[in-house]
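See structure below.
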2 protein chains.
Amino acid sequence: MKKKITLKQIARELDVSISTVSKALRNSIEISEDTREKVQAFAKLYNYRPNNIALSLKNRKTKTIGVIIPEIVHHFFSKVIRGIEQVANKRGYNVIVGLSNESFDKEVINMQMLANGSIDGFILSISKETLLQQDYHHFKETISQGMPIVMFDRVVNEIECDKVIIDDLKGSKNAVSKLLSNGCKHVAIITTKDYVSVGKLRTQGYLEALEDYKMSPNSNLILKVDDELVSEDHLISLESEIEQLFLNNKKIDGVFAVNELYAIIGMKVARKRGLRIPDDIQFIGFTDGVLSKHATPSLTTVSQHGQEMGEKAAELLIEKLEHEDQEEQYQTVVIETELIERNSTK
Amino acid sequence: MKKKITLKQIARELDVSISTVSKALRNSIEISEDTREKVQAFAKLYNYRPNNIALSLKNRKTKTIGVIIPEIVHHFFSKVIRGIEQVANKRGYNVIVGLSNESFDKEVINMQMLANGSIDGFILSISKETLLQQDYHHFKETISQGMPIVMFDRVVNEIECDKVIIDDLKGSKNAVSKLLSNGCKHVAIITTKDYVSVGKLRTQGYLEALEDYKMSPNSNLILKVDDELVSEDHLISLESEIEQLFLNNKKIDGVFAVNELYAIIGMKVARKRGLRIPDDIQFIGFTDGVLSKHATPSLTTVSQHGQEMGEKAAELLIEKLEHEDQEEQYQTVVIETELIERNSTK
DNA sequence: TTGTATGCGTTATCAA
DNA sequence: TTGATAACGCATACAA
């Protein structure tokens, strides 16, 4: 077992100084062709690679990006990571992932772990608990220490930093308009409680679409699910909540759900009640996961372009990292949503 | 903007030596209570945290684990990462993720990037291309350099290291037996080409189950999909391949698919042909993703317990890392599969 | 009780 | 053309 070799060892073996080896390997013209070749051959033979940690310490930058997301078993976040990874790697950066599991404490701890030199900057989406508690001191602190943050999807006005979001309002407004223009008269929405910013915005889009069509909202048609942890149990109660929605409104002929799962379960309930999709009732969901694509009928959704969000976030962060001199100017990039029409709408 | 503070700065401010500060912060009894308190107060005020990179360099260990997976937009791998993250964090380790995208080159490059000091050990699942080319030198090299590897799911006999797998053969044999005992007489299998080790094993389990039931295999019932990248196009061809399967075998009354997607698409084709599930035909898939749970009808599957695999892999790796003195003894842990019965079987 | 020196692996500056 | 030295931030053996 030949351990990783270092400059020092090469130097000793070849009976030259460490700095000679270092220069020779970097093809410095200071070094004679002779020794250069000798050193390079030896290094190649022993498969020398400079130690990243030492480089990080010396350069005071790690060339790695820290990503904190609430949950990884989730198509949207997986896609975002994929996008981040893609551009990060292309530009010579590593990606290190931390999960908050929607918990404030884990979010804080994970950030602390990474902020102490392990990474150059953060890309993150805020956990639900943090959103609920509205305690953002950990973000402010890291930023004030000179470590840039890019937030995506679940962002918050209180924090000044680069952001990548989608136009939730417009996306959902489009979707609901689609249902209305398709002839739906009683469109329900299945959404989250308002502290989840995206849920709130999507609800607002729903309301605006109704308004455009001169329809007045009916609170009976608005189901705000208390979206705690999505456990087995929760799914069952979710299903019964939706059943209740249908019981209260026998005339529902369109449903807009703020995520994929709500839509799928909604379709399930509708089917159980003997409704035909999309003839009797139409559905539109949010997010571009696998569930939508492979459901029966396949679900029309508002695509968030997760991968693109990740790519953009990584670009923004790397830009900041590599031009620290630049004026402090934060931007918010809005990624366009796209209505992907499938078979749950006419 | 107060930059991150270092020992040196604290020392200068307080007019003591660096080592005094260092010791004071670690509560060394060598230091007088007086200065200890003074230093600690100051450190707290400035929110001092030791620099991870410096610690890594000094200790020659980074307390971070490198994970290389073929694909992240995939429930199984997401779950594994989640498991890894969970135990890693609990034991003070970070997790850094690299994606191979099923490509040999990206796998090699990603490993090289991380192996140069960034991490203490690897957890990985081999990319399809690597499996196909059977070129494992990069694994052998990192191991011979003293960096431990734990492989999961897609493993290979040629490499000596800890492994976490499921009993693919037994799992699929169970599944097929279930179909047979449920009365299916013509059970088809939708599987991958043999170079994907798990595909091969699952096919073998299928054959053994048939044998147990004294049925002879019919090559017409075995569809080996050429599972390249799963693109939109590929899905379409996959669907038509499955249609062909049904055309060739009008009597199929049971299908075992080696993954979730194949099963879902199989169900779709069957439904199109007017078959009722599970009355006319029964389905079982492999993997524990969301598709299965929320399909209509919900799909009976062989669960791989991805999170558990991740947890176990992380435990094995950390064990190795923290007891390097131990004898070189590699183990292969087999995680039990579980048949989760839903509505696609009787 | 405090401080000095050394080393982790590298690169850069300056001296030889 | 080569080498010695300092520095990145920290911990520690040893000296004062």
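Each chain gets a letter, A, B and so on, in the order the sequences are listed, and its residues count up from 1. Here the structure is a predicted model, which means the values were calculated and not measured.
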*asked:* Using a heavy-atom cut-off of 4.0 Å across all strands, would you classify A:S56 as base, sugar-phosphate, or nothing?
replied: nothing
*asked:* Without decimals, in angstroms, what is the distance between B:I53 CD1 and D:dA11 P?
replied: 14 Å
*Donor-acceptor contact below 3.5 Å, side chain A:K163 vs main chain A:V156*: yes
_Between P on D:dC10 and CG on B:L25, what's the gap in Å once rounded to a whole number?_
10 Å
_Rounded distance in Å - CG (A:N51) to P (D:dC8)_ = 18 Å
*Are the side chain of B:S125 and the backbone of B:F152 linked by a donor-acceptor contact shorter than 3.5 Å?*
yes
*Give the minimum heavy-atom separation between B:E85 and A:L99, together with the two atoms involved.*
OE2-N, 3.4 Å
*Would you name the heavy atoms of A:S32 and A:T35 that are closest together and state the gap between them?*
OG-OG1, 2.7 Å
*Quick one: B:N52 CG to D:dC8 P, roughly how many Å, whole number?*
18 Å
*The side chain of B:L55 lies closest to which of these nucleotides: D:dC10, C:dG9, D:dC8?*
D:dC10
Please list, pair by pair, any protein nitrogen or oxygen found under 3.5 Å from a nitrogen or oxygen in nucleotides 3-6 of chain C.
residue	atom	partner	partner atom	Å
C:dG3	OP2	B:S17	N	2.9
C:dG3	OP2	B:S17	OG	3.4
C:dG3	OP2	B:T20	OG1	2.6
C:dG3	N7	B:S19	OG	3.3
C:dG3	O6	B:K23	NZ	2.2
C:dT4	O4	B:S19	OG	2.9

*Examine C:dT10: is either OP1 or OP2 under 4.0 Å from a nitrogen or oxygen in the side chain of A:Y48? Give yes or no.*
yes
*Parallel, tilted or perpendicular for B:F139 and B:Y136, by the 30°/60° rule?*
parallel
*Report the distance from atom CD1 of A:I10 to atom C1' of C:dT10, rounded to the nearest whole Å.*
12 Å
*Provide the closest heavy-atom pair for A:M147 versus A:I119 in the form atom of the first, atom of the second, distance.*
CE-O, 3.4 Å
_Nearest heavy-atom neighbours spanning A:V95 and A:A88_ = CG2-CB, 3.7 Å
*Tell me: CG of A:N59 to C1' of C:dT10, nearest whole Å?*
8 Å
_Side-chain N,O (A:T6) to OP1/OP2 (C:dG9) below 4.0 Å_ = no
*For A:R60 and C:dT10, give me the distance from atom CZ to atom P, rounded to whole Å.*
19 Å
*side-chain N/O A:S32 vs D:dT2 OP1/OP2, d < 4.0 Å*: yes
*Starting at atom NZ of B:K8, determine the distance to atom C1' of D:dC10, rounded to an integer number of angstrom.*
11 Å
